[in-house]
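The shown structure was predicted, so the numbers you read here are calculated from the model rather than taken from an experiment. Side chains are part of it too, since the values below use all heavy atoms of this structure and drop only hydrogens, waters and symmetry mates.
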Amino acid sequence: MKTLIRTIVVLTFALVAVVPFQVQAQDGGGMGAWDGCPVPENLPEEVTIGAVFGLSGNIAAYGEPQKRGVELAVAEINEAGYLGEGTTLIAVFEDGGSDGEASIAAMDKLIAENELAAVIGPTLSAQAFAADPIAAENGVVVLGVSNTAAGLTTMNEDEELDQFIFRNSLPEANVIPNTITKSTEILGLERVGVIYGNDDDFTLSGYDAFADALEASEVEVVRTETFARGDVDFSPQLTNIINDDPDAIVVSALIAEAVPVVLQARQLGYTGPIIGGNGFNSPALFAQGGEAAEGVIVGAAWNIGSPSELSVTFTETFTEAYGAAPDQFAAQAYTGAWLVATAIRCADSADSADVREALAAIVDYPTPLGSFSFDETRNPVHEPVVQIVQEGMFKLLTEETAAQAFGE
Amino acid sequence: MRVAIVIDIINAIFEFIFNVLNGALDPILTQLAEIGFREPVVQFMLINAILGLSIYMTLNCGLFSLANAGFMAVGAYVSVILTQKYDAEFGLSLLGGALAAGLVAIPIGLPVLRLRSVYLAIATIGFGEIVRIVVLNVDTIATDLFNPDEPIELTFGARGISRIPKLTETAHLVFFLILMGYLLYRMQRSRFGRAMTAIRQDEKVATTLGINVVYYKNMAFILGAMIAGVAGGFSGHATRIITPKDYGFDKAVDILAYAVLGGLGHWSGPIIGGMALKAIPERLRYLNEYTGALTGAVLLLIIIYLPSGLVSLGQPSFWRRGGRFEGARRLAGIGVALIVLTNMLPLRNLGSDEVLLGLEYWHLWGLGAGVGLIYWITSRQPASTGGRFSLPMSAVTGLLALGLIIAGLIGRIDQPGDGYYVLVFGLLLATAAGVIPYAPQHTETPPAEQVEGSHA
Amino acid sequence: MDINVPQQLVNALWLGGLYSLFALGYALIFSVLGLLNLSHSAVFACGAFVGLYTACGDEVFTTTCTELDRPIWIVIPAAMIGAGIVSVAVDRVAFWPLRKRNAPRMNQLISSIGAAALLVNLLQIQFGAAQQRFPFGSIPNDPVSGLPVVITPIQITALVIALGLMFALRILVKRTRLGREMRTVAFNERVASLLGVNVDRTYMTAFFIAGALAGAAGMMYGLAFNSMTPFMGESVSLKGLTVIVLGGLGSIEGAVIGGFLIAAIEVFSVALGRSDIRDAFVFLLLFVILVVRPRGLLGQGVEDRA
């Protein structure tokens with residue numbers, strides 16, 4: 001009894017006690033210089049970029065990895081002297097909260113208080129629609145690293161303003177058709193069940209892309225189910241879907257809902273493929289899902305198991321610095337910071353208008369996401385990947401990996 | 001033809017008013033921006049103030065309604081659709097939003113307003129959620145019902161309506177608030193206002209006095225809904241995107257918090273409360289991930305130590321109360337809260353070892369021990385009677401404290417992090433002066449409540 | 001359309017158990033104080049995280065917890081006691097000063113929200129916003145074999161614990177001295193103190209029990225769904241409210257029946273193919289019940305409640 005009481009006292013204190021946690025940047029790693037541009041000479045001693053991420057509340061699960069990605073990139077950039085000797089890149093973070101109002105306030109404050117070369121963020125597409133125009137109106141270039149909604153980079157009435165809005169996050173509409181064609185080809189899907197979150201813009205646009213892609217591939221959708229953000233029990237929907245005996249279950253969800261969906265589908269005895277989009281692309285899928293995650297197919301913008309050297313180094317340094325493997329949010333934010341730094345380097349100027357020109361001109365830049373370019377509407381161009389979870393790791397989806405997973 | 005001329009004249013008048021207002025507002029906005037409240041934030045504060053007014057309408061009539069977030073959604077969607085799809089002028093679209101919210105309020109109000117207290121609150125929460133779910137699904141359902149071939153796109157579900165032109169200007173909001181403030185001021189003195197007060201104080205008595213309780217309750221509900229609808233229209237045209245989740249349960253409760261925080265003794269209470277609840281987290285922004293926790297704590301402290309809301313600071317009766325040892329007890333109350341907080345939050349990581357006006361971390365522990373001792377001794381005394389700081393003394397310290405609180409809030413201190421500490425120190429001084437009643441002997445009359453819900 | 005009725009019944013049954021367990025504490029506080037305690041969902045999350053910390057120790061701050069340091073039969077009571085303590089603290093900080101002053105209910109509602117915001121944010125500071133889970137196999141997850149439907153040991157455990165706690169609470173409130181005191185306080189605080197009941201202690205006990213129930217519910221959620229965040233209470237909070245209104249505000253049996261009923265409505269609205277407007281059914285029912293029969297299914301009028 002006494003030990004129990006002691007445990008409890010310790011616990012109560014633990015709730016109150018403080019674990020100071022400071023991030024130390026790691027040495028080495030990084031993407032190194034891009035041959036495209038010479039070392040800049042005219043940069044001031046300090047070049048500031050802003051970042052608006054959701055760091056408080058629910059959304060911090062996505063905003064926190066983004067912040068880490070940018071911090072890591074900035075540390076590496078300064079370490080490598082990427083912007084030339086004597087020039088330091090500084091990232092200023094503002095909490096964009098989880099709604100439009102908070103991101104507007106954050107963006108406005110950042111731009112007013114700093115001389116910014118560029119802004120990275122905000123976390124949600126809805127926040128980008130609210131806050132990006134402020135940056136554009138002030139002539140500051142803004143790079144979304146997790147906004148996947150359609151039409152994001154052409155949101156303004158005035159096309160001139162649109163010129164300032166970039167993103168490096170592949171929209172669902174670019175990732176998902178590829179996922180569906182590839183899995184249909186390899187697994188021979190004929191009928192699938194679909195489940196998606198209908199009260200969230202990310203999962204909803206994911207669903208739209210899935211629905212179109214499935215129709216294009218002539219796969220029959222036997223049942224469509226929905227859930228709400230924050231749900232934890234998906235068994236009723238999954239029971240319905242499994243009852244119809246589909247060849248695969250297609251899921252459009254963020255990782256918070258993705259894990260329980262996968263777990264519960266397996267629990268209900270479903271062993272077939274589960275197909276997800278960008279939202280699934282997180283190490284949490286196998287950390288939280290364990291064996292249940294085996295055979296989950298994830299179409300995404302970045303493959304954590306990618307053999308590309310940049311991706312491997314990034315994964316290693318990130319894991320070393322933060323004690324946890326990076327997810328796609330971190331990878332895209334990290335890439336975003338490098339892209340902005342490269343634009344500053346190429347422009348040889350900290351003025352946002354010049355940085356804008358240089359950013360738009362980036363072509364075939366090697367990143368952890370692959371060889372990267374912007375198209376004429378400032379959307380990213382790079383190859384999406386289709387992965388399958390095997391032995392607690394993401395592997396590329398091929399005939400062989402599929403055969404190993406499903407024994408066909 | 002004649003109509004066109006009238007519209008032109010009205011437009012000209014409004015243009016004139018807004019020009020004048022803009023001129024007057026410019027220096028104020030510059031000042032506010034200097035202390036960290038830049039124009040977008042000021043706009044959201046003013047929108048909150050309008051929301052505060054909308055809930056004041058219902059609470060002033062004794063109605064514990066949480067429907068305002070739902071009405072705000074109706075107003076926002078209708079007015080945005082009017083400007084986007086039908087190119088309506090801003091004023092007209094706001095009016096449309098208000099009317100739509102008012103129209104929805106009629107069928108909701110009739111059955112629901114028979115409920116009392118918590119039951120009414122929960123029923124209106126249910127209403128708010130239903131509005132949210134309808135907005136989410138109206139496109140798919142309408143498409144299924146009417147036109148399966150071509151999708152109907154009205155609210156765009158969870159994607160929300162984006163690319164809304166930014167039409168809301170600070171001058172509009174100020175103008176609307178002044179107008180509403182004036183109307184409310186007049187209303188409180190009118191037959192209408194007196195009837196509402198009577199209903200709030202005692203419904204049965206009001207009925208026997210020949211007041212048509214059902215009519216006045218519904219009027220208050222509808223007016224509140226319309227004001228919330230206008231606030232929705234303003235906010236939609238300020239954020240450029242509206243999504244259903246902006247108007248959920250959280251928002252409903254937030255709006256209630258404006259009223260409670262500001263105080264219901266005066267119509268300006270909810271306005272102040274609404275603005276404060278936007279200002280406090282904005283002011284505490286530099287605390288990053290600790291902002292949320294501290295905002296919650298400040299909300300708690302204000303409710304506990306300022307029971308009649310922020311607005312009570314301006315009421316003379318407030319300054320004349322106090323009790324023996326109450327000051328020390330209050331000091332202890334806030335002191336302990338402070339100690340707990342500073343230990344929970346690693347404030348020492350914010351830049352220096354100094355936590356509070358030159359005090360170092362271990363000083364705070366000492367202070368905590370001392371405060372605990374005072375609390376222990378005073379709490380053993382019999383109930384407080386007489387004996388306190390003399391009134392002038394209390395007033396002087398009180399003013400000093402107020403100054404510090406305000407200074408803390410607006411951050412007129414050299415280092416950016418100091419605002420919070422000054423705020424807390426001001427609160428401490430205020431309690432020491434006995435100006436913040438924590439007095440059990442002072443009881444507020446709770447609104448008439450009944451557990452059995454219906455049938456007024 | 002073809003519905004797997006037995007499986008959906010199982011889904012409804014055990015989800016109902018969880019809803020009821022969560023709603024019990026809510027209902028207890030309402031019956032004693034006549035107060036909506038919106039911090040209940042935050043206490044619920046605290047319970048889950050106290051459980052997680054007891055189970056895994058400091059590991060939870062850095063990585064995913066892979067094995068239990070302490071057996072699950074210690075973890076569950078620890079979570080309950082931890083959440084109970086948090087709940088009492090919430091009472092002392094957020095409700096007691098207002099109660100003393102006889103402040104309006106509305107103020108108490110808002111102060112409970114302030115307390116909830118504080119708790120949830122502290123949890124986030126401590127544990128981060130990312131998902132956490134109990135180690136695999138804390139309670140075996142493989143379906144019980146030989147049945148026509150899928151039931152896992154976790155589901156059975158959760159249902160058994162939920163039902164057990166419900167009966168325990170019922171006995172406590174109806175049969176014991178403590179329960180009598182609580183009912184007296186609920187009826188009238190002044191009368192209770194005249195009768196020699198220690199009112200303050202009764203409140204603290206009620207809050208402790210409610211917190212412990214929330215803690216148990218948090219643990220069950222954590223174990224069953226393996227998706228714990230500091231915000232896990234948010235989505236249940238509104239459900240819990242619906243449950244106690246449906247059952248009858250303040251009625252213990254009502255909370256139980258309401259929990260199973262809401263779960264059944266949710267599950268079968270999904271089973272019938274309308275998962276998109278599932279929540280609309282729930283809230284519409286809430287709305288209609290309040291308008292037609294505000295006392296809920298089992299609620300009583302004020303006169304005969306003591």
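In summary, of the residues considered (C:Thr202, C:Asn198, C:Val191), a side-chain contact (heavy atoms from CB on, under 4.5 Å) with C:Val185 occurs for C:Thr202 alone.
Side-chain contact check for B:Asn48 and B:Tyr258: at least one donor-acceptor pair (N or O, by modelled atom type) lies under 3.5 Å. One side chain, C:Glu189 or C:Tyr203, offers a donor N or O that lies under 3.5 Å from an acceptor on the other.
Options C:Ile277, C:Leu109, C:Leu38, C:Ile110 differ in how many heavy-atom pairs under 4.5 Å they form with chain B, and the most are formed by C:Ile110. When the candidates B:Val253, B:Val134, B:Asp250 are compared by the number of heavy-atom contacts under 4.5 Å with chain C, B:Val253 comes out ahead. Chain B forms the most heavy-atom pairs under 4.5 Å with one residue out of C:Val245, C:Val288, C:Thr242, C:Leu238, and that residue is C:Leu238. When B:Leu299, B:Leu261, B:Thr124, B:Ile122 are compared by the number of non-hydrogen pairs under 4.5 Å with chain C, B:Ile122 comes out ahead.
B:Phe249 touches chain C through its side chain: at least one heavy atom from C-beta onward sits under 4.5 Å away, while N, CA, C and O do not. In this structure, no portion of C:Leu285 lies under 4.5 Å from any heavy atom of chain B. With a threshold of 4.5 angstrom between heavy atoms, B:Leu264 approaches chain C through side-chain atoms but not through N, CA, C or O. Residue contact with chain B, scored on non-hydrogen atoms closer than 4.5 Å, is absent for C:Ile289. Proximity to chain C (any heavy atom under 4.5 Å) is restricted, for B:Ile125, to the side chain, taken from C-beta onward. Contact of C:Leu284 with chain B is made through backbone and side chain together, with heavy-atom distances under 4.5 Å. For a residue to count as touching a neighbouring chain, one of its non-hydrogen atoms must lie under 4.5 Å from one of that chain's; by this rule C:Ser237 touches chain B with the side chain only.
Between C:Arg278 and C:Asp276 there is no salt bridge, since no side-chain N of the basic residue sits under 4.0 Å from a carboxylate O of the acidic one.
C:Glu234 meets the salt bridge (charged side-chain N to carboxylate O under 4.0 Å, His left out) test with no other residue; sequence neighbours excluded. Partners of C:Asp91 by salt bridge (charged side-chain N to carboxylate O under 4.0 Å, His left out), not counting sequence neighbours, listed by chain and number: C:Arg99. Partners of C:Asp200 according to the salt bridge (charged side-chain N to carboxylate O under 4.0 Å, His left out) rule, which considers only residues two or more places apart in sequence or in another chain, are C:Arg92.
Taking the six-membered ring where the residue is Trp, the centroids of B:Phe71 and B:Phe127 are separated by under 6.0 Å. No close placement of the C:Phe30 and C:Tyr26 rings is indicated, their centers lying 6.0 Å or farther apart.
For residues 59-70 of chain B, the interface with chain C (any heavy-atom pair closer than 4.5 Å) comprises B:Leu59, B:Phe64, sorted by residue number.
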Next item on the list: Go through B:Val112 and C:Phe287 one step at a time and tell me if the side-chain contact (heavy atoms from CB on, under 4.5 Å) criterion holds.
Entry: CA-CA 9 Å; B:Val112 160; C:Phe287 195 77; 3.4 Å; yes
Checklist line | Derivation and outcome, side-chain contact (heavy atoms from CB on, under 4.5 Å), residues B:Thr58 and B:Ile55 | finding: CA-CA 5 Å; B:Thr58 42; B:Ile55 194 157; 4.0 Å; yes
